[in-house]
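Below is one structure; the comments refer to it alone.
Every value quoted in this text rests on a predicted model; they were computed, and no experiment measured them. Letters A, B, ... are given to chains in the order of the sequence lines, protein chains preceding strands, and every chain is numbered from 1.
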Amino acid sequence: MRTSTISKTVQLLALGIYSAGILSSCSTQTTQAEAAQTTEVAPDKMPTIMAELTDAPLVPAPITRKHAAKVVVKLEVKEVVKKLADGVDYTFWTFGGSVPGKFIRIRQNDEVEFHLMNHPDSKNPHNIDLHAVTGPGGGAASTFTAPGHETVFNFKALNPGLYVYHCATAPVGMHIANGMYGLILVEPEEGLPKVDKEYYVMQGDFYTKGEFGTPGLQPFDMEKALDENPSYVVFNGSVGALTGDNALTAKVGEKVRLFVGNGGPNLISSFHVIGEIFDNVYTEGGTKTQNNVQTTLVPAGGSAITEFKADVPGNYVLVDHSIFRAFNKGALGMLKVEGDENKRMYSGQIVDKIYQPEGSTVQEMPQSKAPAAAVALNKNSRMELGKTLFAQNCQACHQAEGQGIKGAFPPLAKSDYLNADLNRAIGIVAHGLEGQIKVNGELYNSTMPKLKLSDEEIANVLTYVVNNWGNKGGEVTPAQVKKAKASYKH
Amino acid sequence: MILQRLLLLMLLIGVCCKVQAQKSLPKNMVHVKGGTFVPLYGSDSTPVKVQSFLLDVYPVTNSEYLAFVSKYPKWRKSAVKKIFADENYLRGWASDLSLGANATKINNSPVVNVSWFAAKAYCDCQGKRLAKVEEWEFAALASETKANAANDAKFYQRSIEWYSQPNPTYLPPVQKSFRNYYGVYGMIGLVWEWTQNFNSAMVVGESRADVTMDRQLFCGSGSNGAKDVKNYVAFMRYAFRSSLKSNYTVANLGFRCAKSI
């Protein structure tokens, strides 16, 4: 009570001094601000501010003040059971109740009073090592906190940049593997350039006893962690944390800034947004920017700030371009850009025709038509041809055995959605599908592109699909495809 | 000649004591046969010898601790000195002499939120003492069937799973926990336990060395001097103990008593 009154008085006083300065020298406002930036203010003259902390993917508002402040950060450690993937739970150890931990935003030369509270129900002691801290253990030496206790230490944010923080209690690997990491941004004194959208994305690898997708409460598997062989690689703490309804959003013409972190504990991320080029990347979260970057490396225990302008509407997929992690372990996110199309910037497909390499001279076929694609003579040859088509067009997402990927790509194997209406399935293959559907009890909210396949090819691939992996069987004919295509337009 | 007699006498006394000890094995205590093991942290890499000792079968329960504070008023919630126990002392209890509405659920559960001073006083009053950290770790090596299950992968995985789970709302009764080779219940899978020495993991006793060593087990330096960096289960116990001070009380930290032979 008494302290808060004092700090309020100090705040008012500081505000008073500051405004007095502005009033008395309106003409030299800039100089005044610059002076305030560079001169060190006595701690008792500094305004005290409670830091706003946010859960991913949100980021606290940019700092507009032009002076250093005393910033109070209160971060609570909680051990919680939460979703790692659909049907899969995990005991996460968290800074603030979810993975990644709360985003902390301060300004260079701020003096931070850092409180670490370990919830009484925690089983383990925890501490925090902030890479933004200059001092032993990055704060870990001063914040070793037993369950039901609180520790406090102060530090001055000397260097601007985007920094990882993490728990550093032995066994450190296990504490990080359970999700104990987050980001702290130290804005440079001049601030960061203005953008329209800012988001917080943090990658982490998880080691569960069961394989990817094995349901139930999965315990930590130490052997896998030692082998650096994760069962999951995810953005923002779970498979699907950034897809479907949770996708990031932006409008055409907006500038987007992603604060990207990598908690590890083991893997380095090759962060990439499919269909975008980063205009600026603050490499490794530092001060220098690199321009026109396709994929940026984010070290374990490191970060990057990426900026780009959303020019073309559509869905942009965030991946770790170590691509099996994206398609098979969960490292997938999505940015939905809405707005008007610009056909000059991106036309969409405008031509699709037969390509026949004919050597260097232009040749012309005598009179005859180009050989038609193989035509199936019976159901068996239909399935045979369909198998190849499936491998070329469908397998990347729906997987070799039609099992799909939970949360991202619906299964075709034993699929209630598929078997319920084959004509609808034809329509989807022919015209694509966007929006939420329910398959075998799971919700999927994503986009399937339309496939440029002939009626014959659609018939073949669907005949292959319905006669495999426990589906209902039967034959789809080109005639049926033709009819269904017309009636199932999306 | 005199020496021989003396030896014989000592031997006789030794035997007598042993016989006596076995005869009068206190209720709910077991005999843990001594041996050697290499603890995770120690003054050097040589195995540590643990003498045979007696250990409580169960951690001390809420009802046992209630009986203790009834008899010794200075350890009641409202009376305890703050330097001996922090504000969370017996946090789950309704009052000095009442466990509250959930008494039936937690009567036989381990008492938690007790400080080291309180645990020590309890054991003193029973004519016992807290186990030394080496004794505790030695007894905790045992699975159901083996005295030393340090290399048993299944036992290890089960242990690490327990350490990774959050606390249950109500701790189970002590009799329901895992019983090890010695007949001791709940060494792993129930609560953390106070030991006589608990915050000395990284202290080697040589002041200059102590200064340069990290006593708080943080970051990479935590694995400095550890004997088996793969033994996360032991790491977590040592880390937990290192986070404590003698007046701390924690929601999943209880204790049991031991006795020298």
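Heavy atoms of B/T169 lying under 4.5 Å from chain A are absent altogether. With a 4.5 angstrom heavy-atom cutoff, A/K78 does not touch chain B via any of its atoms. Residue B/N252 touches chain A through its side chain alone, counting heavy-atom pairs closer than 4.5 Å.
Heavy-atom minimum distance, A/N124 versus B/F240: CA-CD1, 4.5 Å. Looking at every heavy atom in both residues, B/Y156 comes nearest to A/M222 through OH-SD, 3.1 Å. Looking at every heavy atom in both residues, B/M236 comes nearest to A/W93 through CE-CH2, 3.6 Å. Closest heavy-atom contact between A/F220 and B/Q157: O-NE2, 3.1 Å. A/D121 and B/N167 make their closest contact through O-ND2, 2.7 Å (heavy atoms, listed as atom of the first residue, atom of the second, distance). Across B/V250 and A/A146, no two heavy atoms sit closer than the pair CG2-CB, 4.3 Å.
Other residues, nucleotides and ligands contribute at most 12 non-hydrogen atoms within 6.0 Å of the NZ atom of B/K74. Around CD of A/E211, the count of heavy atoms belonging to other residues, nucleotides or ligands within 6.0 Å does not exceed 12. Within 6.0 Å of the NZ atom in A/K329, the count of heavy atoms belonging to other residues, nucleotides or ligands exceeds 12.
The residue among A/C167, A/S122, A/G173, A/G148 with the most heavy atom pairs within less than 4.5 Å of chain B is A/S122. Contacts with chain B were tallied for A/H126, A/H175, A/M174, A/E79; A/M174 has the most, counting heavy-atom pairs under 4.5 Å. Comparing B/E161, B/E87, B/K245 by how many heavy-atom pairs each has under 4.5 Å with chain A, the most go to B/E161.
Of residues 105-113 of chain B, no residue lies under 4.5 Å from chain A by any heavy-atom pair.
No donor-acceptor contact under 3.5 angstrom links the side chains of B/N88 and A/H149, judged on distance only.
The backbone N or O of B/W162 sits less than 3.5 Å from a side-chain atom of A/K123, completing a donor-acceptor pair.
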